[in-house]
Amino acid sequence: MATYVEIICGFVAVFLAFYYYLTSTFDFWKVRGVPGPRPMPVFGNMKNVVLLKTSTSHFVRDIYYEYKDEPMVGIFIWRTPVIILHDPELIKDVLIRDFSKFADRGFPVVEKAEPLSPNLFNLEAERWRPMRAKLSPIFTSGKLREMFPLIMECSNHLEQYLDKLVSKGEPVECRELIAKYTTDVIGSCAFGLEINALSDEESEFRRVGRQVFGSLSQVIRFRIKEMAPTFYNLLGYVLPPTEITTFYTKIIVDTLAYRKENNIVRPDFVNMLLELKKNADKVETIELTDTLLTAQAFVFFVAGFETSATTMTHVLYELALNDNIQKKLRQEIKEHFEKNNGELKYDDIKNMTYLDLVFRETLRKYPPGPILIRKSVADYTFKNTKVTIPKKSFVWVPLYALHHDPAIYPNPDAFIPERFTDDAVAARHPMHYLPFGDGPRNCIGARFAIYQSKIGLITILRNYRVEVCDKTMIPYVIDPASFLVSPKGGIYLKFTKEES
């Protein structure tokens with residue numbers, strides 16, 4: 001009898017110890033006077049997100065609305081405290097004014113389990129600073145001008161491929177179509193590779209690319225990494241590398257080697273990496289291994305094709321729903337082509353003002369990432385408050401929620417490009433529109449992403465009118481399993497060939 005009692009007591013002791021571990025941080029925000037929803041063991045406040053019952057976008061938006069009048073809200077991801085900032089001045093402090101205190105993004109770099117994780121997006125501040133400085137020159141307007149003919153070549157392939165699809169008389173799934181285009185653009189402009197995702201239905205690049213953001217295995221890996229990064233990294237010693245890692249590593253390493261052996265010089269991302277490797281002694285605080293260089297190429301590739309493809313898809317979706325806006329935009333495109341005898345020139349892109357309004361409103365309504373994440377590198381006290389957070393604390397900027405706040409953008413579910421006229425923009429706080437982030441750690445490839453997206457849209461809209469069809473998702477639903485703000489099940493539209 002005594003043995004059974006001891007066993008039961010042992011189980012109770014272990015359970016209580018585990019329960020204490022799971023909940024021991026739950027008074028973190030209470031003692032600091034920061035309001036927030038009550039967490040639960042294991043999940044914190046993220047139960048519905050983890051179980052894929054809601055998207056991160058809507059989860060954060062709902063908390064934002066619930067605590068609308070608060071400058072900040074405290075939540076828990078598992079047992080980790082996270083502060084969500086509402087006050088735009090506090091957001092500006094974190095992203096810009098006090099950036100040195102929030103130079104980390106906070107994504108775990110698990111080099112054993114994921115050799116491509118030490119990329120520019122994830123890197124801690126020490127390695128990020130010199131790497132960002134060395135990679136920035138590839139994204140200047142001068143470099144972009146040099147890449148313009150390459151993007152135009154890919155857009156011509158897009159036009160030819162779309163003609164074939166439309167001739168079948170069936171609705172077109174836009175996200176897959178455009179992801180093939182952006183995959184070809186990144187392959188050509190960044191790596192000098194003819195990927196041919198548009199012409200090759202069996203493209204390995206496109207097949208593996210789908211896995212990066214959309215596969216269930218990637219979601220599971222992300223959750224484990226988020227909850228227990230040290231344990232996840234240890235799995236790297238026993239689990240084989242993923243197909244994503246092996247595929248992109250081979251492609252990038254082979255391309256670097258081929259360029260070096262054949263003395264090929266090209267104004268692209270690979271050439272920049274080769275120059276970095278050649279002058280490794282000039283890069284302080286970083287050991288420029290082949291793996292580290294490959295990681296930089298990897299993140300540029302996957303981020304470049306996916307976010308742009310999703311944004312272009314959202315543009316077409318809104319134009320199909322708002323025919324008056326589509327007519328006005330197609331008229332602007334027609335006028336520029338007539339002015340240049342049927343050609344599109346580099347400077348035309350920035351001169352299409354209505355296209356820019358449409359593009360910016362799309363990024364307002366569908367920002368690629370629902371939140372911006374920063375991690376403090378030192379203890380920090382928020383200005384005009386008594387709230388102090390310790391080093392290594394997580395800060396979230398609720399990007400999607402800010403973009404859908406009716407007090408900032410009246411009737412936020414409506415698609416209104418005129419929200420981004422000069423006068424309208426000047427009337428808003430700059431921290432209320434952050435599709436590419438802000439401050440030193442903003443999106444390094446924003447200019448490139450905008451240009452490749454606009455060129456693709458111009459190519460499509462010059463020749464086609466887009467309309468909703470029976471397969472079009474109305475109302476729009478965000479995929480809760482996606483890391484990005486992306487449509488669940490894709491976007492199907494009808495394309496009708498007609499002169500612009």
Side-chain angles (χ1 to χ4, degrees), residues 148 150-186 188 197-199 206 304-338 340 342-346 348-363 366 415 417 448-469 471-472 486-487 490-500:
F148 180 71
L150 300 176
I151 303 176
M152 286 300 301
E153 183 178 358
C154 292
S155 73
N156 291 334
H157 294 160
L158 170 63
E159 182 177 349
Q160 294 165 13
Y161 181 69
L162 185 56
D163 284 344
K164 292 180 181 178
L165 283 183
V166 173
S167 67
K168 298 177 181 179
E170 299 174 355
V172 175
E173 203 291 286
C174 295
R175 191 157 173 257
E176 181 61 22
L177 163 72
I178 297 172
K180 290 181 176 182
Y181 159 72
T182 54
T183 297
D184 280 354
V185 171
I186 297 292
S188 177
L198 282 165
S199 58
R206 185 63 202 124
F305 82 75
E306 183 67 22
T307 55
S308 293
T310 304
T311 298
M312 291 174 65
T313 300
H314 288 142
V315 171
L316 295 177
Y317 178 71
E318 286 294 340
L319 293 178
L321 293 173
N322 298 276
D323 191 55
N324 59 324
I325 295 174
Q326 181 178 176
K327 286 179 180 176
K328 186 173 181 179
L329 176 54
R330 296 188 75 230
Q331 180 61 32
E332 179 180 67
I333 293 170
K334 177 182 178 181
E335 290 171 359
H336 277 272
F337 272 91
E338 288 178 346
N340 295 319
E343 292 185 10
L344 182 66
K345 299 185 181 299
Y346 176 81
D348 286 332
I349 310 300
K350 65 181 179 182
N351 291 331
M352 291 190 187
T353 55
Y354 195 65
L355 172 61
D356 190 59
L357 298 184
V358 168
F359 196 77
R360 287 200 275 174
E361 171 68 346
T362 302
L363 288 172
Y366 309 95
F415 190 79
F448 179 88
I450 291 170
Y451 260 78
Q452 73 161 341
S453 299
K454 287 183 176 180
I455 290 171
L457 289 168
I458 290 167
T459 300
I460 293 171
L461 294 169
R462 183 195 179 196
N463 299 294
Y464 287 95
R465 181 167 176 259
V466 290
E467 301 171 276
V468 297
C469 61
K471 296 183 70 175
T472 304
S486 60
I491 294 292
Y492 288 86
L493 297 175
K494 177 185 176 184
F495 285 70
T496 303
K497 181 91 171 181
E498 58 180 57
E499 292 185 5
S500 58

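Small disclaimer: the values here were computed from a predicted structure and weren't measured.
- Here the closest non-hydrogen pair linking Ile455 and Met152 is CG2-SD, 3.8 Å.
- Counting all heavy atoms, side chain and backbone alike, Asp163 lies closest to Lys497 at OD1-NZ, 3.2 Å.
- Counting heavy atoms from C-beta outward, Tyr451 and Val185 have side chains that stay 4.5 Å or more apart.
- Taking Arg360 as the reference, Asp356 meet the side-chain hydrogen bond (donor to acceptor under 3.5 Å, both in side chains) condition, with sequence neighbours excluded.
- Between the Ser453 side chain and the Ala449 main chain, a donor and an acceptor come within less than 3.5 Å of each other.
- The closest side-chain heavy-atom distance from Ile349 to Leu344 is below 4.5 Å.
- In terms of modelled atom types and a separation under 3.5 Å, the side chain of Ser167 and the main chain of Lys164 share a donor-acceptor contact.
- With sequence neighbours left out, the side-chain hydrogen bond (donor to acceptor under 3.5 Å, both in side chains) criterion links Glu173 to no other residue.
- From Cys174, atom SG reaches atom NE2 of His314 across 10.5 Å, with rounding to the nearest 0.5 Å.
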Might you work through the side-chain contact (heavy atoms from CB on, under 4.5 Å) test for Tyr464 and Leu162, ending with a clear yes or no? CA-CA 10 Å; Tyr464 287 95; Leu162 185 56; 3.6 Å; yes
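- The CG atom of Leu316 lies 5.5 Å from the CG atom of Leu457; values are rounded to the nearest 0.5 Å.
- Here CG of Asn340 is found 5.5 Å from NZ of Lys345. Values are rounded to the nearest 0.5 Å.
- A distance-only check finds a donor-acceptor pair linking the side chain of Gln326 to the backbone of Leu319 [under 3.5 Å].
- Nearest heavy atom pair, residue Leu321 against residue Val468, reads CD2-CG1, 3.6 Å.
- Judged by the 6.0 Å distance and 45° axis criteria, Lys180 is not positioned over the aromatic ring of Tyr161.
- Defined by atom type and a distance below 3.5 Å, a donor-acceptor pair is missing between the side-chain atoms of Tyr354 and Lys328.
- Among residue pairs with one or both ends in residues 151-161, none qualify as salt bridge (charged side-chain N to carboxylate O under 4.0 Å, His left out); sequence neighbours excluded.
- The line from CZ of Phe337 to CG of Asp348 is 8.0 Å long, rounded to the nearest 0.5 Å.
- Residue Ser486 comes nearest to Arg175 through the heavy atom pair CB-NH2, 3.8 Å, listed as atom of the first residue, atom of the second, then distance.
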Start with the C-alpha distance between Val358 and Phe415, add both sets of side-chain angles, then the distance that settles side-chain contact (heavy atoms from CB on, under 4.5 Å), and finish with yes or no. CA-CA 9 Å; Val358 168; Phe415 190 79; 4.0 Å; yes
Given side-chain contact (heavy atoms from CB on, under 4.5 Å), test Leu177 with Tyr181 step by step and report yes or no. CA-CA 7 Å; Leu177 163 72; Tyr181 159 72; over 6 Å; no
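- Listed here is the closest heavy atom pair of Leu150 and Ser188: CB-OG, 3.8 Å.
- For Tyr366, the side-chain hydrogen bond (donor to acceptor under 3.5 Å, both in side chains) partners at least two apart in sequence or on another chain are Glu318.
- With sequence neighbours excluded, the residues that form a side chain to side chain contact (heavy atoms under 4.5 Å, CB included) with Glu467 are Arg465, Lys494, Thr496.
- When all heavy atoms are compared, the tightest approach of Glu332 to Thr353 is OE2-N, 3.1 Å.
- A distance of 12.0 Å separates CD1 in Ile491 from NZ in Lys471, rounded to the nearest 0.5 Å.
- Every residue was checked against the side-chain hydrogen bond (donor to acceptor under 3.5 Å, both in side chains) condition with Glu170, not counting sequence neighbours, and none meets it.
- Contact annotation: the side chain of Met352 approaches that of His336 to within less than 4.5 Å [non-hydrogen atoms, C-beta and beyond].
- In this structure, CG on Leu158 lies 6.5 Å from CE on Met312, to the nearest 0.5 angstrom.
- At least one donor-acceptor pair under 3.5 Å links the side chain of Arg330 to the backbone N or O of Leu461.
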Check the pair Leu493 / Thr472 against side-chain contact (heavy atoms from CB on, under 4.5 Å), numbers first and verdict last. CA-CA 6 Å; Leu493 297 175; Thr472 304; 3.9 Å; yes
